[in-house]
Amino acid sequence: MLKLYNTLTNQKEVFYPNSDHIVNMYVCGPTVYNYIHIGNARSVVAFDVIRRFLEYCGYQVNFVSNFTDVDDKIIKRANEEGLTSQEVADKYILAFYKDIDRLHVKRATANPRVMENMEAIIAFVSDLVDKGYAYESEGDVYYRTRQFSTYGQLSDQSIDDLRTGASERLNDSEQTKKEDSLDFSLWKKAKAGEPAWKSPWGMGRPGWHIECSVMATKYLGDQLDIHGGGADLIFPHHENEIAQSEAKTGKKFANYWLHNGFVTMGDKGEKMSKSLGNFVLVHDLLEQEDPQVVRFFLSSAHYRAPLKFSEKNIDEARRN
């Protein structure tokens, strides 16, 4: 009897897919503005192992993982490299495939991209506006978070505590646009020099959270068996995905939520992150190390536990 630890309920549960023989599984993919680091690769390998085990158990796994190819970081990188945002995305998507192929990760059933799903994203946001869950403000569209009664359940937080934290992160301009400080962006008004698409609210581009709701439900249906990603995505990304998706469909978005632990660096166990500058690129590591050793290292701890990156631990993986 297969059991999975479900972040939504904070307990192990017997796995009952919606279909006897098919598992619909969505895992949040990378924002493609750079090579993936070893922390990103841990998530990729962890869910590859889980997928392969489900297939070993006899299930057909429809495995979808997106590429975020519309993002502030991509725009910044495009300006630095003298490329378009699409050219930057294309470059690092190709690099991603090369890295995961060397790590013997199975390709996803589908890797949808934001740019290829803009009509579906706009339609999804329009539906939320029509249902009263979202509103337009000066060309931006925001989600009314308080209207979703179970908001905070996945991250086990109260909405009042979340509101206090959100207020501290907003600037004056955002405060005046929002009905509530906890409301989050579904559509962003275009800024000069940025890629933008025509919408009912003017030229703009989608917020980060909406893309996964759209692509997950488009490719796998309104109710997923498994939704996965790194533990850093639990809040706000996955919390917001639940709110958006269930408000639109009226159905439970995902039955099981699985999250992998961080790869840490240094004696203090800091999370590996590009924003912190303490990362090791898989592209570089694979030039020095056997890919099978790297994959073994990434699988050497329980997928939900933290994993320390060090030369000592790589050496141990090599010996094993």
Side-chain angles (χ1 to χ4, degrees), residues 2-8 13-32 36 39-69 89 92-117 120 154 209-234 237-238 241-242 245 249 251-261 282 291 294-295 298-299 302-304:
L2 177 61
K3 291 185 177 182
L4 301 176
Y5 185 90
N6 190 350
T7 307
L8 187 64
E13 298 177 352
V14 177
F15 180 58
Y16 295 113
N18 292 318
S19 169
D20 288 341
H21 305 293
I22 298 173
V23 174
N24 289 324
M25 183 175 178
Y26 184 89
V27 176
C28 289
T31 300
V32 283
I36 59 171
N40 305 136
R42 191 197 185 183
S43 184
V44 173
V45 170
F47 286 103
D48 180 59
V49 172
I50 293 168
R51 172 195 185 178
R52 287 174 183 269
F53 183 74
L54 289 168
E55 290 173 339
Y56 170 78
C57 291
Y59 293 108
Q60 173 192 323
V61 180
N62 297 324
F63 186 92
V64 176
S65 184
N66 70 301
F67 289 124
T68 296
D69 60 355
Y92 290 110
I93 286 172
L94 181 61
F96 172 84
Y97 282 135
K98 287 181 178 178
D99 286 342
I100 69 164
D101 286 348
R102 293 185 70 187
L103 291 170
H104 301 282
V105 170
K106 290 185 70 171
R107 295 280 185 104
T109 309
N111 287 122
R113 297 173 58 164
V114 179
M115 288 187 188
E116 297 169 350
N117 288 276
L154 183 70
H209 311 297
I210 192 67
E211 65 187 62
C212 285
S213 287
V214 173
M215 289 186 277
T217 54
K218 177 180 177 179
Y219 286 84
L220 295 172
D222 290 345
Q223 190 169 24
L224 314 181
D225 292 302
I226 296 171
H227 194 311
D232 55 329
L233 299 180
I234 295 173
H237 186 52
H238 288 167
E241 278 191 63
I242 292 172
S245 304
T249 68
K251 300 176 183 178
K252 187 175 183 179
F253 180 40
N255 292 331
Y256 302 88
W257 286 86
L258 277 59
H259 293 95
N260 64 277
V282 174
V294 177
R295 182 181 174 101
L298 292 169
S299 305
H302 189 283
Y303 78 94
R304 288 195 298 114

Distance-only, no hydrogens or angles: does the Arg295 side chain make a donor-acceptor pair with backbone N or O of His104 under 3.5 Å?
yes
Any idea which heavy atoms bring His237 and Cys212 closest together, and the distance?
NE2-SG, 3.4 Å
Is any side-chain heavy atom of Arg113 closer than 4.5 Å to a side-chain heavy atom of Ile93?
yes
Between CG on residue Leu4 and OH on residue Tyr16, distance to nearest 0.5 Å:
12.0 Å
Has the side chain of Asn117 got a donor or acceptor atom that lies under 3.5 Å from a matching backbone atom of Glu211?
no
For residues Asn40 and Val282, determine if any side-chain heavy atom of one lies less than 4.5 Å from a side-chain heavy atom of the other.
no
Donor-acceptor pair, side chain of Arg42 and main chain of Gly261, under 3.5 angstrom
yes
I'd like to check Gln223 versus Lys252 (side-chain heavy atoms, cut-off strictly below 4.5 Å). Are they in contact?
yes
Please give me the minimum heavy-atom distance between Leu224 and Tyr26, naming the atom from each residue.
CD1-CB, 3.8 Å
Could you check Phe253 against Asp222 for side-chain contact (heavy atoms from CB on, under 4.5 Å), going step by step and ending with a plain yes or no?
CA-CA 6 Å; Phe253 180 40; Asp222 290 345; over 6 Å; no
Could you tell me if the side chain of Ile22 sits less than 4.5 Å from the side chain of Pro17, heavy atoms only?
no
Run Phe53 and Arg51 through side-chain contact (heavy atoms from CB on, under 4.5 Å) and show every step you take.
CA-CA 5 Å; Phe53 183 74; Arg51 172 195 185 178; over 6 Å; no
For the aromatic rings, using the six-membered ring if either is Trp, is the centroid distance between Tyr256 and His227 under 6.0 Å?
no
Would Phe67 and Tyr92 count as a close aromatic pair, with their ring centres under 6.0 Å?
no
Would you mind telling me which of Lys106, Glu55, Arg52 makes a side chain to side chain contact (heavy atoms under 4.5 Å, CB included) with Val61?
Glu55
For Thr109 and Val64, indicate whether the former's side chain and the latter's backbone hold a donor-acceptor pair under 3.5 Å.
no
Under a 4.5 Å cut-off applied to non-hydrogen side-chain atoms, are Ile234 and Thr7 in contact?
yes
Quick one: are Leu103 and Val44 in side-chain contact, heavy atoms under 4.5 Å?
no
Distance-only, no hydrogens or angles: does the Asp48 side chain make a donor-acceptor pair with backbone N or O of Val105 under 3.5 Å?
no
Intermediate values then yes/no, side-chain contact (heavy atoms from CB on, under 4.5 Å), Arg304 and Tyr5
CA-CA 9 Å; Arg304 288 195 298 114; Tyr5 185 90; 3.6 Å; yes
Test item: Ser65 side-chain N/O and Ala108 main-chain N/O as donor-acceptor pair under 3.5 Å
no
Should Ile50 and Met25 count as side-chain neighbours, where that means a heavy-atom distance under 4.5 Å?
yes
Are side-chain heavy atoms of Asn6 and Leu258 found at a separation under 4.5 Å?
no
Indicate whether any N or O donor in one side chain lies under 3.5 Å from an N or O acceptor in the other, for Asn260 and Ser43.
yes
If every non-hydrogen atom of Leu233 is compared with every non-hydrogen atom of Cys28, which pair is closest and at what distance?
CD1-CB, 3.7 Å
Under 3.5 Å side-chain donor-acceptor pair for Tyr97 and Asn111:
yes
Please report the shortest heavy-atom distance between Asp20 and Tyr59, naming the atom on each side.
O-CE2, 3.3 Å
Could you tell me whether the side chain of Asn66 and the main chain of Pro112 form a donor-acceptor pair under 3.5 Å?
no
Which atoms form the tightest heavy-atom contact between Leu8 and Trp257, and what is the distance?
CB-CD1, 4.0 Å
Using modelled atom types and a 3.5 Å cut-off, is there a donor and acceptor pairing between side-chain atoms of Asp225 and backbone atoms of Asn255?
no
If you compare all heavy atoms of Asp69 against all heavy atoms of Met115, which two are closest, and at what distance to 0.1 Å?
OD1-N, 3.1 Å
Main-chain N/O of Val214 paired with Thr217 side-chain donor or acceptor, under 3.5 Å:
yes
Under 3.5 Å: donor-acceptor pair, side chain of Asn24, backbone of Phe63:
no
Distance-only donor-acceptor check, side chains His209 and His238, under 3.5 Å
no
